[in-house]
**Student:** 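Got a structure here, written out as structure tokens. Questions coming.
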2 protein chains.
Amino acid sequence: MNSTLHTHRYLLQYAIKPSVQRTAVMDYLLKNRTHPTIDEIYTALSPSMPTLSKTTVYNTLNLFLEKGAVQALVIDEKNARYDIDTSAHAHFICKKCGKVYDIFGLKPEVFELPQNPNFTIDSVEIAYSGTCNACKES
Amino acid sequence: MNSTLHTHRYLLQYAIKPSVQRTAVMDYLLKNRTHPTIDEIYTALSPSMPTLSKTTVYNTLNLFLEKGAVQALVIDEKNARYDIDTSAHAHFICKKCGKVYDIFGLKPEVFELPQNPNFTIDSVEIAYSGTCNACKES
DNA sequence: TAATTGAGTTATAATGACTACAAAGATATA
DNA sequence: TATATCTTTGTAGTCATTATAACTCAATTA
């Protein structure tokens, strides 16, 4: 099953010129909704693309960010994490294992941008933290 | 005006054994509600404490974190920032100058912790971003 | 008081994420 | 096909943070 065509069109929607590497990265993001880090993306793609450079993954994600195709999460202190789902949703990070999960179904007013005379606010990020069940049990 | 006594008692409330360095760092945090970075704290205290080591500032803030005396903010991708105000409030970061401001007066339900069968959620951080007035004008 | 112990501090080195840069490769245009 | 431009790549560099080991000093004990 070849999803390259779909991913190709997806990139063009954001005015991103497709290349083999860009298509592979975006394809990975579309299929792995796990808020991956640069290193996770690189490690996943590297076996099937041995010449891939980690710098390219950095460049590609920075380009996706500029074009608004992905969102950078600041929930993880260690690494930048990326999310292709730019709809209104929150995140949860497990302080033990470090995994990041989506939180859907919150009240819409939580995502409202407040008026403030001192700033122009144009986005909000909501980060919950605690312990996931898997870590709790162990 | 000597505030060391007050700060001294403040540390003891969190079961932190006071030392000259710890008192100085906590005193700085209490008087400068600017969500400072490690480097900002070190640079501010260094002139009056020439032997102060940056490692000590790192150690001290990590101790304060463990003891719950300060909160670490994840809003800034570049550096860790620290806040002694652990009450329910949000933050705003200006994407141009990088300064972090407090946002008070939000509806209480924004800070409510949702129930979720998969996680035990014990805190929330709300991070707005955009441009501050000063950067907008320039 | 003197010796001892251990917490706290310090400086240096090491780690790791991210960026800068320049060369090599691929793609588009004439 | 030739040329110009974009993209990728590897290396080197930067910077925040942590690890480590030596040192300082205050509290404790004899």
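Here is the naming used below: chain letters follow the sequence lines, and residue numbers restart at 1 for every chain. Every value quoted in this text rests on a predicted model; they were computed, and no experiment measured them.
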**Student:** From CG of Asn79(A) over to P of dA17(C), roughly how many Å is that when rounded to an integer?
**Tutor:** 6 Å
**Student:** Heavy-atom contacts under 4.0 Å between residues 7-21 of chain B and DNA chain C, which residues?
**Tutor:** Lys17(B), Ser19(B), Gln21(B)
**Student:** Extract all donor-acceptor atom pairs below 3.5 Å that involve side chains of residues 92-108 of chain B and protein atoms in other chains or at least two apart in sequence.
**Tutor:**
residue, atom, partner, partner atom, Å
Asp102(B), OD1, His35(B), NE2, 2.9
Asp102(B), OD1, His89(B), NE2, 3.0
Asp102(B), OD1, His91(B), NE2, 3.3

**Student:** Starting at atom CD1 of Ile38(A), determine the distance to atom C1' of dG16(C), rounded to an integer number of angstrom.
**Tutor:** 14 Å
**Student:** Not counting sequence neighbours, which residues clear side-chain contact (heavy atoms from CB on, under 4.5 Å) with Leu65(B)? List them please.
**Tutor:** Asn62(B), Val70(B), Ala72(B), Tyr82(B)
**Student:** With salt bridge (Lys or Arg N to Asp or Glu O under 4.0 Å) as the rule and sequence neighbours excluded, what pairs involving residues 59-69 of chain A come up?
**Tutor:** none
**Student:** With sequence neighbours excluded, what pairs up with Glu125(A) under the salt bridge (Lys or Arg N to Asp or Glu O under 4.0 Å) test?
**Tutor:** none
**Student:** Using chain B heavy atoms and a threshold of under 4.0 Å, write down where along DNA chain D the contacts begin and end, 5' to 3'.
**Tutor:** dA16(D) to dA19(D)
**Student:** What residues, two or more places apart in sequence or in another chain, satisfy side-chain contact (heavy atoms from CB on, under 4.5 Å) together with Ser19(A)?
**Tutor:** Gln21(A), Arg22(A)
**Student:** Who pairs with Thr34(A) by side-chain contact (heavy atoms from CB on, under 4.5 Å), at least two apart in sequence or on another chain?
**Tutor:** Asn32(A), Pro36(A)
**Student:** Please enumerate all residues that pass salt bridge (Lys or Arg N to Asp or Glu O under 4.0 Å) together with Glu77(B), with sequence neighbours excluded.
**Tutor:** none
**Student:** Ignoring hydrogens and geometry beyond distance, is a side-chain donor-acceptor pair present between Thr120(B) and Thr131(A) at under 3.5 Å?
**Tutor:** no
**Student:** By a strict heavy-atom criterion of less than 4.0 Å, which residues belonging to residues 47-77 of chain B are in contact with DNA chain D?
**Tutor:** Thr55(B), Tyr58(B), Asn62(B)
**Student:** State which residues pass ring pair (Phe, Tyr, Trp, His ring centres under 6.0 Å) with Tyr14(B); sequence neighbours excluded, sorted by chain then number.
**Tutor:** Tyr10(B)
**Student:** If you look only at pairs with a residue in residues 6-17 of chain B, which of them pass as a salt bridge (Lys or Arg N to Asp or Glu O under 4.0 Å), with sequence neighbours excluded?
**Tutor:** none
